[in-house]
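Contents: one structure, followed by commentary.
Counting starts at 1 for both ligands and their atoms, in listed order.
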Amino acid sequence: MRKPILAGNWKMNKTRDEAIQFILQVDNKLPKSGVDCIVCAPAIILRDLVKRADTIQVGAQNMNENDKGAYTGEISPLMLKDTGVKYVIVGHSERRAYYNENDAVVNAKIKKALEFDLKPIVCVGENLEERETGKMQDVLKSEINKAFDGVVFEDPANVIVAYEPIWAIGTGKTATTEQAEEACKYIRELLAGIYGVKTADKIRILYGGSMNTKNVNDLVAQPDVDGGLVGGASLDADNFIALCKAF
Ligand code: PGA
């Protein structure tokens, strides 16, 4: 049985005070079991949130792939580990698009996260042109194979993949339940090709892209959709609670 995940991706939103307020507001209202409820917050406030979090779990949005050194402005895996976070988003399409996070970097980050006992939430997904020209599977195949090249792990529950079609992110244009299931199922098949069916069956695969309180139930009811990675709709405390209660 895969334990579902509802992960909020706050992106570059919320000051420290706003974030602490959010945690205090939601924490005792979340389901205590049956779903992992996570917020991926800006790095500068992670420690403050971890200290106050009880039911809710905290993740980071990015991490450098090197141990330490001359990388001005970057956050090392050890620094993240030190804040107490358990998860880190890797390869979000915004980082791929704006910060040159290519497949090789994504691959290195996954390996480094696992080395430091951080659970990577690995984002993959096609853009609108790729979807419209029938290249969705090619893009997923290439991204998954490159991301997981040489990646080894003992517990598949520590590896999470998020299918995030770029055309659905922040656009209000959600994938249909059929599109989400088709892509997540295909990702599981790709993972089975690398790690075998038994392992792939234990890896959690999320859908992300304009998920909200109205569409969450139908999306997560799909057999291969094990939860959601939610941006905009995760910023409001009541919405976040409602999203977590969909499981
Ligand atoms: P969205 O973002 O829910 O605002 O579309 C999702 C994401 O980027 O992870």
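In terms of the side-chain hydrogen bond (donor to acceptor under 3.5 Å, both in side chains) criterion, Trp10 has no residue partners (sequence neighbours excluded).
Glu143 places a side-chain N or O within 3.5 Å of a backbone atom of Gly125 that can act as its donor or acceptor partner. Formation of a donor-acceptor pair under 3.5 Å by the Arg96 side chain with backbone atoms of Val124 is not found in this model.
Every pair passing side-chain hydrogen bond (donor to acceptor under 3.5 Å, both in side chains) that includes a residue from residues 20-38 is listed here, sequence neighbours excluded: Lys3-Asp36, Lys32-Thr55, Asp36-Gln57, Asp36-Arg204.
Think of Leu206 as one node in a network of Ile, Leu, Val, Met, Phe, Trp and Tyr side chains linked at under 4.5 Å; its network also takes in Ile5, Ile38, Tyr87, Ile89, Ile121, Ile160, Leu229.
The residues lining ligand 1, counting any heavy atom closer than 4.0 Å, are Asn9, Lys11, His92, Glu164, Ala168, Ile169, Gly170, Gly209, Ser210, Leu229, Val230, Gly231, Gly232.
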message: The test is ring-ring contact (aromatic ring centres under 6.0 Å, His included); show your working for Tyr195 and Phe153 and say whether it passes.
response: CA-CA 10 Å; Tyr195 297 109; Phe153 48 82; 4.6 Å; yes
